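Here's a structure for you.
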There are 2 protein chains.
Amino acid sequence: MQSRTPASRTGRPRSAAADTAILAATREALVELGWSGLTLGDVATRAGVAKTTVYRRWAGKSELVTDALATLFDQLVLPDRGSLRADIEDVVLQFAELLEQPATKTALMAVVAEATHDEALRQRIREKIVARQKRLVVEGRSRAQHRGEIPVDTTDPGPQIDLIFDVIAGAVVHRTLVSCEPVDTDWATRLTAVLLDGLAAAGD
Amino acid sequence: MQSRTPASRTGRPRSAAADTAILAATREALVELGWSGLTLGDVATRAGVAKTTVYRRWAGKSELVTDALATLFDQLVLPDRGSLRADIEDVVLQFAELLEQPATKTALMAVVAEATHDEALRQRIREKIVARQKRLVVEGRSRAQHRGEIPVDTTDPGPQIDLIFDVIAGAVVHRTLVSCEPVDTDWATRLTAVLLDGLAAAGD
DNA sequence: GGCATTACGCTACGGGTCGTAGCGAAAGCT
DNA sequence: AGCTTTCGCTACGACCCGTAGCGTAATGCC
């Protein structure tokens, strides 16, 4: 999860319960206090551990919040709804529900903000969040191709996958956090329609 | 800009130069230190004013950074490129260029993060940034309808405008700040193609 | 069982930032 | 001139940071 203890086999092992307690306390404190208001001392108190225990495991606030956030994103799955349209609508609503949780929205934006001037943190985010969730797009695209809904191209699919991922995730994040409007089934349907059919065909 | 002085006409007026100096110093400090590292005392020193002068004008870090950010967004314009496709590609590249500036990306994400638990700040962002930039979509849509590129609907255009705004802005923000990939002309073309023609038609 | 090793809780510390208060000087308006 | 407000400056208590040191607890190895 955080700093590894690779070659150490002797001595008292680290409490796994402390890990989960600290991460849970971090999410709780984020909801109540936000990024600026969150202090590691307060997290330690909420988790029922000493402040030094937190510092022994995480280098700072950014790393701790990133790990607390990663545990939330792993809830996403992609059940087969039978069509590309239904699959997209499903994952949009799922992602929106995840972003409805106050801990998710606060942590995601704050960590991305910190990452703009911290290369190591950018790497951590890409590994633990972006790369993992991009698999949803890969799987949905593969299913759609097998169904014959979209053509099987011979070129490198990477750029197209990245584009779809950014459009879907970006739209949901922007709608939820910047425009501050809810993502309901109607909006998910409209977004999916634009994605599949284009603006002209999807006009009101 | 910040706290108003409505009924006060007498006494020494506030220095307008101090305002611009403080906002410029805020953007500069954001680039070097990021959100967490930025302190109002440091901003005051950079701007060449006393710390108390900053506190007299802005209530806190969030409000100051929001105003510093708003001045950056007002650079966006929507020149008439002759077609909806060209207009979209143009504004995508313009928005991406704006987000390339380190001050913009850091400030935008940090302020949005703080706003997740601060209703007054959400309101400030919507008024000073979201509402202003949404006019780009309104104008581009109006032009396209006059050209006959998209149908003129009789229903409320608000939801469709909001959707387009969130898709375009969200995709660019997500691409730039979360996926950490550059927005070049090729990507802008691909995004525009998906928007106008849909996923199936725009496949590689 | 005894021993080395590591993690734990606790306390204390210097350093830094916060946001505010008070002061005298400066700059405008009538 | 006189009044009013802002300005720069200094100082202050409060809080959080991140680390060090201590004694204790929990494991693996001999």
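Fair warning: this is a prediction, and the values are worked out from it, not measured in the lab. Letters A, B, ... are given to chains in the order of the sequence lines, protein chains preceding strands, and every chain is numbered from 1.
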Given side chain to side chain contact (heavy atoms under 4.5 Å, CB included), test B:Asp87 with B:Val91 step by step and report yes or no. CA-CA 6 Å; B:Asp87 282 359; B:Val91 79; over 6 Å; no
Show each protein N/O and nucleotides 17-20 of chain C N/O combination with a separation under 3.5 Å, one pair to a line.
unit_1 : atom_1 : unit_2  : atom_2 : d
C:dC18 : OP1    : B:Leu40 : N      : 3.3
C:dG19 : OP2    : B:Tyr55 : OH     : 2.7
C:dG19 : N7     : B:Lys51 : NZ     : 3.2
C:dG19 : O6     : B:Lys51 : NZ     : 3.1

Salt bridge (Lys or Arg N to Asp or Glu O under 4.0 Å) for B:Arg81 and B:Asp90? Distances and angles first, verdict last. CA-CA 8 Å; B:Arg81 293 280 186 242; B:Asp90 187 274; 2.8 Å; yes
Salt-bridge criterion met for A:Arg85 and A:Asp197 (N-O under 4.0 Å): yes
Write down the distance between CZ (A:Arg56) and C1' (D:dG18), rounded to a whole number of angstrom. 13 Å
Answer yes or no: does a side-chain N or O of A:Thr53 lie under 4.0 Å from OP1 or OP2 of C:dG9? yes
Can you list the residues that meet the side-chain hydrogen bond (donor to acceptor under 3.5 Å, both in side chains) rule with A:Glu32, with sequence neighbours excluded? A:Arg46
Between A:Glu181 and B:Arg126, does a salt bridge (Lys or Arg N to Asp or Glu O under 4.0 Å) hold up when you go through it step by step? CA-CA 11 Å; A:Glu181 299 285 343; B:Arg126 293 182 57 154; 3.4 Å; yes
Salt-bridged, B:Glu139 to B:Arg143, with N to O below 4.0 Å? yes
Quickly work out the A:Leu64 CG to D:dC17 C1' distance and round it to whole Å. 15 Å
Using 4.0 Å as the upper bound for N to carboxylate O, is an ion pair formed by B:Asp67 and B:Arg57? no
In degrees rounded to 10°, what angle is found between the helical axes fit to the five outermost pairs at each end of the helix from C:dG1-D:dC30 to C:dT30-D:dA1? 30°
Regarding B:Gly48, tell me which of base, sugar-phosphate or nothing describes its non-hydrogen contacts under 4.0 Å with the strands shown. sugar-phosphate
Side-chain N or O of B:Arg12 closer than 4.0 Å to phosphate OP1/OP2 of C:dA26: no
Using whole Å, report how far CG of A:Asp19 lies from C1' of C:dA7. 12 Å
Exercise: do A:Thr176 and A:Glu100 side chains pair donor with acceptor under 3.5 Å: no
